Q: 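This structure is in structure tokens; I'll ask about it shortly.
Treat the numbers as computed from the prediction; the structure is a model and nothing was measured.
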Amino acid sequence: MVDIAWGMLALGLFGLLTSTVFLGMVLVGARRFWVEARRQEEALAAKPEFLPGVSVFKPLHGAEAGLEGNLRGFYEQDYLERCGKRAGDGVSPVEILFCARSEADAGLEIARRVAADYPEITTRFLTSGEPWAANAKVCSLTVMAKAAAHDLWVISDSDVRVGPDYLRRVVLPFKDAKVGCATCLYRGVVAEPGMWSRLEAVGMTIEMSSGVCVANLMEPMQFALGPTMVARRECVAEVGGFEAMAEYCADDFVLGNWIAQKGHTVVLIGHAIDHIVLHAGFVESTKHQVRWMKSTRFSRPKGHFGTGLTFGVPFGLLTWGGALLLGMPVLAWIALAGAVLGRSLQAWVVAKYVVSKRRTWPSMLLFPVRDLMGMLFWALSYTSNRILWRGEIYELVKDGKMRKSRG
């Protein structure tokens with residue numbers, strides 16, 4: 001038992017060291033993000049404004065909770081007003097393309113109803129048929145790419161909500177001809193109140209944003225995030241079009257990564273949007289978060305393995321247990337308190353200065369619990385290569401590709 005206790009203490013202290021180093025990197029990365037966000041804010045106010053033609057891609061699959069409100073946000077942009085253009089000029093400066101598997105899709109019906117209230121904005125309704133590749137979303141993107149009138153594409157998931165200045169902010173980096181792709185962070189917002197949805201939301205808000213800030217600190221951005229991906233038509237064509245990534249699970253990572261490999265700049269926009277958490281129950285939420293972890297494991301195996309050393313609370317608990325067994329109560333409680341307070345500090349900094357949440361204290365209270373759960377989800381990501389996505393089971397294979405499960 002003594003040997004086990006010493007082992008627990010040694011492993012716990014090592015993990016506290018690595019997670020504290022990670023915390024320091026998060027704080028530095030958050031500060032860098034905040035400074036860059038302020039610079040982008042100043043550039044947004046510069047005249048003349050940068051207002052190129054934009055095609056917005058919205059893949060749909062069913063009537064998700066809050067879908068109508070999510071879609072209206074993309075129609076209520078201040079872009080057209082600032083362009084000074086109205087319907088009658090041909091295709092409007094902002095066109096919105098929706099694509100579902102069939103005309104009978106409930107999400108497409110909602111989109112038609114919303115679009116009818118905004119005739120000044122060109123809207124196209126498309127269908128992809130049954131998916132011809134593993135990633136049904138990418139099949140829809142391929143259809144929309146062929147129909148798009150403009151050369152700057154804003155690709156956005158159906159479960160996000162944006163403010164009226166969203167488009168102006170996300171296209172701003174493309175004023176620089178070297179920029180080929182841009183993306184932005186997001187805040188988790190619960191659709192239905194509940195403890196599990198709130199914990200998933202704080203994971204989106206703090207854990208995801210922390211990892212992105214650190215990645216952006218260590219090297220130029222090499223990937224994009226699915227809730228918002230902005231890319232030039234020619235850059236997507238240069239990497240083989242959406243068709244080339246149709247077998248990949250993490251199409252967002254692949255798009256940004258491939259564009260970066262071609263020598264184009266990928267920009268992390270200093271603006272965060274709302275990502276609606278649709279999973280209220282324990283089982284659904286857990287499956288969703290483990291799927292994310294598994295996707296990362298296959299897309300970035302080395303980085304994902306190192307993620308296990310970034311969770312502070314699990315190592316704080318391990319140190320606490322080992323120290324108590326060895327008769328070191330002061331060390332035990334200092335280690336545990338330090339781990340919890342460190343995660344609360346991380347949550348406060350990221351919530352306030354990175355994703356701009358109005359209330360930071362819920363994140364500060366919940367994130368230490370989510371940090372503990374994060375280690376569990378990370379461990380579960382190594383238990384199998386099967387994921388549940390859109391009601392279907394897939395198998396993840398080498399290099400982040402996926403295929404429908406054979407049974």
Side-chain angles (χ1 to χ4, degrees), residues 24-52 54 56 73-74 77-79 82 152-157 160-189 201-202 204-232 235 252-253 255-257 259-260 264-275 346-360 363:
M25 296 175 71
V26 171
L27 300 181
V28 175
R31 183 183 185 281
R32 176 178 174 177
F33 177 90
W34 184 82
V35 170
E36 176 61 19
R38 300 287 75 72
R39 188 195 67 77
Q40 292 179 19
E41 191 74 31
E42 293 174 359
L44 192 68
K47 303 294 183 182
E49 291 186 286
F50 182 66
L51 300 168
V54 178
V56 179
F74 285 84
Q77 296 293 302
D78 56 18
Y79 211 87
R82 289 172 179 268
L152 189 58
W153 298 344
V154 176
I155 304 157
S156 174
D157 289 341
V160 301
R161 192 161 293 178
V162 299
D165 58 351
Y166 166 79
L167 283 179
R168 289 192 296 116
R169 290 179 178 277
V170 300
V171 305
L172 182 63
F174 292 87
K175 195 171 183 179
D176 183 348
K178 296 178 181 178
V179 175
C181 181
T183 192
C184 68
L185 295 172
Y186 45 88
R187 299 172 290 265
V189 177
V202 82
M204 287 183 180
T205 304
I206 308 301
E207 183 180 296
M208 175 66 73
S209 300
S210 295
V212 173
C213 284
V214 170
N216 193 40
L217 178 68
M218 296 179 66
E219 62 180 359
M221 282 290 289
Q222 302 288 316
F223 57 91
L225 302 170
T228 290
M229 301 182 287
V230 192
R232 299 183 192 273
C235 291
D252 50 355
F253 172 83
L255 177 64
N257 188 251
I259 289 177
H264 303 287
T265 301
V266 178
V267 172
L268 179 61
I269 301 163
H271 176 66
I273 61 176
D274 290 339
H275 192 308
Q346 178 182 342
W348 178 73
V349 170
V350 173
K352 183 175 179 64
Y353 294 104
V354 176
V355 299
S356 303
K357 282 185 70 69
R358 292 187 179 90
R359 297 192 306 163
T360 59
S363 296

Q: Measure across Gly29 and Leu217 and return the closest heavy-atom pair with its distance rounded to 0.1 Å.
A: N-CD2, 4.0 Å
Q: Show the nearest heavy-atom pair for residues Val266 and Ala260, with the distance to one decimal.
A: CG2-CB, 3.8 Å
Q: Could you list the residues that satisfy ring pair (Phe, Tyr, Trp, His ring centres under 6.0 Å) with Phe223, not counting sequence neighbours?
A: none
Q: Specify the closest pair of heavy atoms between Ala30 and Val349, including all atoms of both residues, with the distance to one decimal.
A: CB-CG1, 3.7 Å
Q: Does Gln40 have any side-chain hydrogen bond (donor to acceptor under 3.5 Å, both in side chains) partners at least two apart in sequence or in another chain, and if so, which?
A: Glu36
Q: Name all pairs fulfilling the salt bridge (charged side-chain N to carboxylate O under 4.0 Å, His left out) condition that reach into residues 265-274, sequence neighbours left out, sorted by first residue then second.
A: Arg187-Asp274
Q: Does any pair with a residue in residues 172-185 pass salt bridge (charged side-chain N to carboxylate O under 4.0 Å, His left out), and if so which ones, sequence neighbours excluded?
A: none
Q: So, do Pro220 and Thr265 sit near enough that their side-chain heavy atoms are less than 4.5 Å apart?
A: no
Q: Between Val350 and Val26, is there a side-chain heavy-atom distance shorter than 4.5 Å?
A: yes
Q: Can you give me the closest heavy-atom contact between Ala272 and Val354, atom names plus distance?
A: CB-O, 4.4 Å
Q: Hey, could you give me the CG/CE distance between Leu255 and Met229, rounded to the nearest 0.5 Å?
A: 5.5 Å
Q: What's the shortest heavy-atom distance between Ala224 and Cys181, and which atoms?
A: CB-SG, 4.1 Å
Q: Listed by chain and number, what are the ring pair (Phe, Tyr, Trp, His ring centres under 6.0 Å) partners of Phe174, not counting sequence neighbours?
A: none
Q: Only counting residues at least two apart or in another chain, list the ones meeting side-chain hydrogen bond (donor to acceptor under 3.5 Å, both in side chains) with Glu41.
A: Arg169
Q: In a table with atom names and distances, give each donor-acceptor pair under 3.5 Å that connects a side chain of residues 42-51 to protein atoms at least two apart or in another chain.
A:
unit_1, atom_1, unit_2, atom_2, d
Glu49, OE1, Arg82, NH1, 3.1
Glu49, OE2, Arg82, NH1, 3.0
Glu49, OE2, Arg168, NH1, 3.2

Q: Applying salt bridge (charged side-chain N to carboxylate O under 4.0 Å, His left out) as the test, list every pair that has at least one member in residues 213-232; sequence neighbours left out.
A: none
Q: Who pairs with Arg31 by salt bridge (charged side-chain N to carboxylate O under 4.0 Å, His left out), at least two apart in sequence or on another chain?
A: none
Q: Measuring from atom CG of Leu185 to atom CG of Leu268, what distance do you get when rounded to the nearest 0.5 angstrom?
A: 5.0 Å
Q: Taking all non-hydrogen atoms of both residues into account, name the closest pair between Tyr79 and Pro52 and its distance.
A: OH-O, 2.7 Å
Q: Are Leu225 and Tyr186 close enough, and set up right, to give a side chain to side chain contact (heavy atoms under 4.5 Å, CB included), and what steps lead you there?
A: CA-CA 9 Å; Leu225 302 170; Tyr186 45 88; 4.3 Å; yes
Q: Within this structure, what is the CD1-OG1 distance for the pair Ile206 and Thr360, rounded to the nearest 0.5 Å?
A: 9.0 Å
Q: Taking C-beta and beyond as the side chain, do Val54 and Val170 meet within less than 4.5 Å on heavy atoms?
A: no
Q: Which residues satisfy the side-chain hydrogen bond (donor to acceptor under 3.5 Å, both in side chains) test with Asp157, sequence neighbours excluded?
A: Lys137
Q: Please tell me if the side chains of Met221 and Thr183 come closer than 4.5 Å, counting only heavy atoms from C-beta onward.
A: yes
Q: Report the relative orientation of the aromatic rings in Trp34 and Tyr353; use parallel for angles under 30°, tilted for 30 to 60°, perpendicular for over 60°.
A: perpendicular
Q: Which residue is it: Ser209, Ser210, Ser363? I am looking for the one with a side chain to side chain donor-acceptor pair (under 3.5 Å) to Gln346.
A: Ser210
Q: List in chain and number order the residues that pass ring pair (Phe, Tyr, Trp, His ring centres under 6.0 Å) with His271, two or more places apart in sequence or in another chain; answer none if no residue qualifies.
A: none
Q: Check side-chain hydrogen bond (donor to acceptor under 3.5 Å, both in side chains) between Thr228 and all other residues, then give those that pass, not counting sequence neighbours.
A: Tyr166
Q: Are the side chains of Ile273 and Pro227 in contact, using a 4.5 Å heavy-atom criterion?
A: yes
